[in-house]
Amino acid sequence: MIDPQILRDDPDLVRESQRVRGEDPALVDQFLQYDTAWRKANAEFDRLRSEQKTLGREVGEAKRTGADASSLMARGEALADELTRLGEVRDQALIARDGALLALSNLVEPDAPRGVEGEVKVLSEHGTVVAGHGAHPDHVEIGTRLGVLDVERGAKVSGSRFYFLTGQGALLELALVNYAMQVASSHGFTPVIAPSLVRPFAMEGTGFLGQAAENVYHLADDDMYLVGTSEVALAAMHSDEILGEVPLRYVGFSPCFRREAGSHGKDTRGIMRVHWFDKVEMFSFTSVDAAVAEHQKILGIEREILDGLELPYRVVDIPTGDLGASARRKFDCEVWVPSLGEYREVTSASNCGDFQARRLKIRRAAKPDNEFVATLNGTAIAVPRIIIAILENHLQADGNVGVPSALRPFFGGRSQIAA
RNA sequence: GGUGGCGUGUCCGAGUGGCCUAAGGAGCACGCCUCGAAAGCGUGUGAGGGUUAACGCCCUCCGUGGGUUCAAAUCCCACCGCCACCGCCA
């Protein structure tokens, strides 16, 4: 959530942020209206409550000395009724206020490019693109032939958008996971295996129950959620804590579950868009001041991982109209997919500022006052899409697939995947 | 899933309706003492919110949420978590 003080002091800043996101600036005025009402009710409630406490002490004193307390108690009764009534007014006002606050998306970073979905700003391009669109065999064809991927049986067992990785495909996932873990941990990220089933507050706190709610699996019997990314568990890990030293950096492995509602008919072939996959995710808690630099650090590690895999990719700056609710700014790396003849997202690094930390109550010890931390996340490896990229970009003339040298130590030293 | 026990501040721990405005201890910080340190003595020591130009003042927080009462850490209900044992299970 946004700092209420910013909304009071500089509402235009928030209105402008909402506007460039393509969201409703009027929420700001709703908030201000409810906030004023709440503060008024709150002050009145506090005043009466103070009177009630004083009275309570007087009643106690009267009972001890044997004096008549009946008039005091009568006054107390009237006060109690009034407090009940005022308490309800106050609580209603607070609920309305918080509702408006929760509905507001994070402030965008000043440098984030203005624009709507699809208007990506390309920051850089790396590696050599393989021609082939249409003529180039796709990952399903290659993977099936080499016995590393089985989408037909995935569909038989679990439905569309499920798959089996088999043989060297299964080992390839483990190699990628270990490789990514190793690179990230060499940059100070602590490896974590995180729960992928979480309680509602974790989902709410990371901002996934707002506009993204339709893509989340919910287990109604237990009121728990299957996470779409380990970001959820990693962020909530330190909820309700006051941290000592920051930054804290984690690299977490977890399965990820996505309903993919609203994407019917998109990427229906293969494992580009699936309901379940495994991912290695980086997550940092920093001071608010250090967040922009940390964002670059995370992006740098993502690039190091892709460079090591010898994949052609580009880095894009996501326009404000396409940012998630929690993100101030987002950089994606998009890898070249020869069979599609286009770049597709494989990593995504977001700076969430203190937006998630406010919801999850994650602070750090600081001088005059403790302050909320900034949270940042970025993909180290999203397994299926990287497998697509490797199968297609490293396809050799003999039909086998080359294994980039950086990955070989994690892949039994093998230099290629062969049938 | 069953039975029993437990949940108080940074930690330990007292507290069974009203000076709890939470005892006491430990830890920590500062001061005194000391050549210096330890010990001892003294003072201070949480989080959030409202209000104020500021000093300050007020409110909330004893696992969470309800309830009873003029008044709740304390009584009642529900839930959550932890521990032990039993059952089941990888």
Side-chain angles (χ1 to χ4, degrees), chain A residues 1-9 31-102 193-205 218-225 233 236-246 248 254-255 285 287-288 354-373:
Chain A
M1 69 181 74
I2 296 180
D3 185 351
Q5 204 56 52
I6 292 178
L7 278 150
R8 292 172 192 153
D9 294 345
F31 168 85
L32 290 173
Q33 185 192 330
Y34 294 140
D35 185 54
T36 303
W38 168 71
R39 284 196 284 174
K40 184 162 173 276
N42 189 240
E44 180 64 6
F45 181 90
D46 281 359
R47 195 184 64 73
L48 281 189
R49 174 69 180 146
S50 179
E51 188 180 340
Q52 184 187 43
K53 288 174 69 175
T54 305
L55 193 68
R57 263 172 256 133
E58 286 169 4
V59 172
E61 180 63 21
K63 296 252 178 184
R64 253 188 312 283
T65 60
D68 177 25
S70 58
S71 69
L72 289 176
M73 285 172 65
R75 169 84 187 115
E77 200 162 351
L79 256 184
D81 286 348
E82 185 64 8
L83 273 169
T84 302
R85 194 189 61 78
L86 251 179
E88 273 164 27
V89 171
R90 183 194 59 171
D91 292 348
Q92 285 307 312
L94 186 61
I95 288 167
R97 183 196 99 127
D98 287 349
L101 194 55
L102 264 319
I193 308 289
S196 47
L197 203 50
V198 301
R199 302 165 70 184
F201 87 91
M203 221 61 187
E204 178 69 45
H218 178 229
L219 304 185
D221 285 348
D222 303 283
D223 195 18
M224 293 191 78
Y225 292 89
M237 188 173 160
H238 287 295
S239 61
D240 228 356
E241 291 183 23
I242 298 173
L243 306 177
E245 292 201 357
V246 292
L248 285 180
S254 84
F285 300 88
S287 68
V288 168
D354 62 4
F355 188 84
Q356 293 178 328
R358 284 181 180 277
R359 293 180 171 205
L360 292 167
K361 298 189 183 66
I362 307 170
R363 294 181 290 264
R364 69 184 184 93
K367 281 144 226 166
D369 293 301
N370 295 338
E371 58 180 48
F372 289 101
V373 299

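Treat the numbers as computed from the prediction; the structure is a model and nothing was measured. Below, chains carry the letters A, B, ... as their sequence lines are ordered, and counting in each starts from 1.
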My understanding is that a pair needs two contacts under 3.5 Å, Watson-Crick or G-U wobble. By that rule, which nucleotide pairs with [N]?
N     : value
B:C20 : none
B:U60 : B:A47
B:G4  : B:C83
B:C41 : B:G31

Exercise for review: Classify the nucleic acid contact of A:Gly56 as base, sugar-phosphate or nothing, counting any heavy atom under 4.0 Å across all strands shown.
Suggested key: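 Base contact.
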Exercise for review: Select base, sugar-phosphate, or nothing to describe what A:Arg8 touches, counting heavy atoms under 4.0 Å on all strands.
Suggested key: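 Sugar-phosphate: the residue A:Arg8, judged by heavy atoms under 4.0 Å, touches backbone atoms but no base.
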Review point. Yes or no on side-chain contact (heavy atoms from CB on, under 4.5 Å) for A:Leu248 and A:Val373, after CA distance, side-chain angles and deciding distance?
Key: CA-CA 10 Å; A:Leu248 285 180; A:Val373 299; over 6 Å; no
Exercise for review: Choose from B:G18, B:G50, B:C80 the nucleotide whose nearest atom is closest to any side-chain atom of A:Arg39.
Suggested key: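 Within the option list, the nearest is B:G50.
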Exercise for review: Among B:G48, B:C80, B:C70, find the nucleotide with the atom closest to the side chain of A:Arg363.
Suggested key: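 The closest nucleotide is B:G48.
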Rounded to whole angstrom units, what separation is found between the [atom1] atom of [X] and the [atom2] atom of [N]?
X        : N     : atom1 : atom2 : value
A:Glu61  : B:C20 : CD    : P     : 12 Å
A:Ile362 : B:G48 : CD1   : P     : 14 Å
A:Glu241 : B:G9  : CD    : P     : 15 Å
A:Gln52  : B:U21 : CD    : P     : 13 Å
A:Asp35  : B:U51 : CG    : C1'   : 14 Å
A:Asp98  : B:G48 : CG    : P     : 17 Å
A:Leu55  : B:A72 : CG    : P     : 12 Å

Considering only atom [atom1], compute the distance from [N] to [M] and round it to an integer number of Å.
N     : M     : atom1 : value
B:C80 : B:G24 : C1'   : 31 Å
B:U64 : B:G13 : C1'   : 23 Å
B:G56 : B:C76 : P     : 42 Å
B:G7  : B:C62 : P     : 14 Å

**Study point:** Main-chain N/O of A:Leu32 paired to A:Thr36 side chain as donor or acceptor, under 3.5 Å
**Key:**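 Checking the backbone N and O of A:Leu32 against the side chain of A:Thr36, a donor-acceptor pair under 3.5 Å is found.
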Check your understanding: What's the verdict on side-chain contact (heavy atoms from CB on, under 4.5 Å) for A:Arg39 and A:Arg97, showing C-alpha distance, side-chain angles and the deciding distance?
Key -> CA-CA 10 Å; A:Arg39 284 196 284 174; A:Arg97 183 196 99 127; over 6 Å; no
Exercise for review: Determine: side-chain N/O of A:Asn42 to OP1/OP2 of B:G49, distance under 4.0 Å, yes or no.
Suggested key: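 No.
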Check your understanding: Under 4.0 Å between a Lys/Arg side-chain N and an Asp/Glu carboxylate O for A:Arg85 and A:Asp81?
Key ->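 Not counted as a salt bridge, because no side-chain N and carboxylate O are separated by less than 4.0 Å.
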Show the atom names and distances, to 0.1 Å, of all donor-acceptor pairs under 3.5 Å that link a side chain in residues 358-366 of chain A to residues at least two apart or in another chain.
from     : atom 1 : to       : atom 2 : distance (Å)
A:Arg358 : NE     : A:Asp354 : OD2    : 3.2
A:Arg358 : NH2    : A:Asp3   : OD2    : 3.2
A:Arg358 : NH2    : A:Asp354 : OD2    : 3.4
A:Arg359 : NH1    : A:Glu204 : O      : 2.9
A:Arg359 : NH2    : A:Leu102 : O      : 3.1
A:Arg364 : NE     : A:Glu371 : OE2    : 3.4
A:Arg364 : NH2    : A:Glu371 : OE2    : 2.8

Exercise for review: Kindly give the heavy-atom pair with the smallest separation between A:Leu55 and A:Leu79, and that separation in Å.
Suggested key: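 Looking at all heavy atoms of both residues, the shortest contact is CD2-CD1, 4.1 Å.
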For nucleotides 55-66 of chain B, tabulate all protein N/O to nucleotide N/O atom pairs closer than 3.5 Å, reporting atom names and distance.
from  : atom 1 : to      : atom 2 : distance (Å)
B:C58 : O3'    : A:Ser50 : OG     : 3.2
B:C59 : OP1    : A:Ser50 : OG     : 3.3
B:C59 : O2'    : A:Asp46 : OD1    : 2.8
B:U60 : OP1    : A:Arg49 : NE     : 2.3
B:U60 : OP1    : A:Arg49 : NH2    : 3.0
B:U60 : OP2    : A:Lys53 : NZ     : 2.9

Check your understanding: Do the non-hydrogen side-chain atoms of A:Glu61 and A:Arg57 ever get within less than 4.5 Å of each other?
Key ->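 A side-chain contact is absent here, since even the closest heavy-atom pair is not under 4.5 Å.
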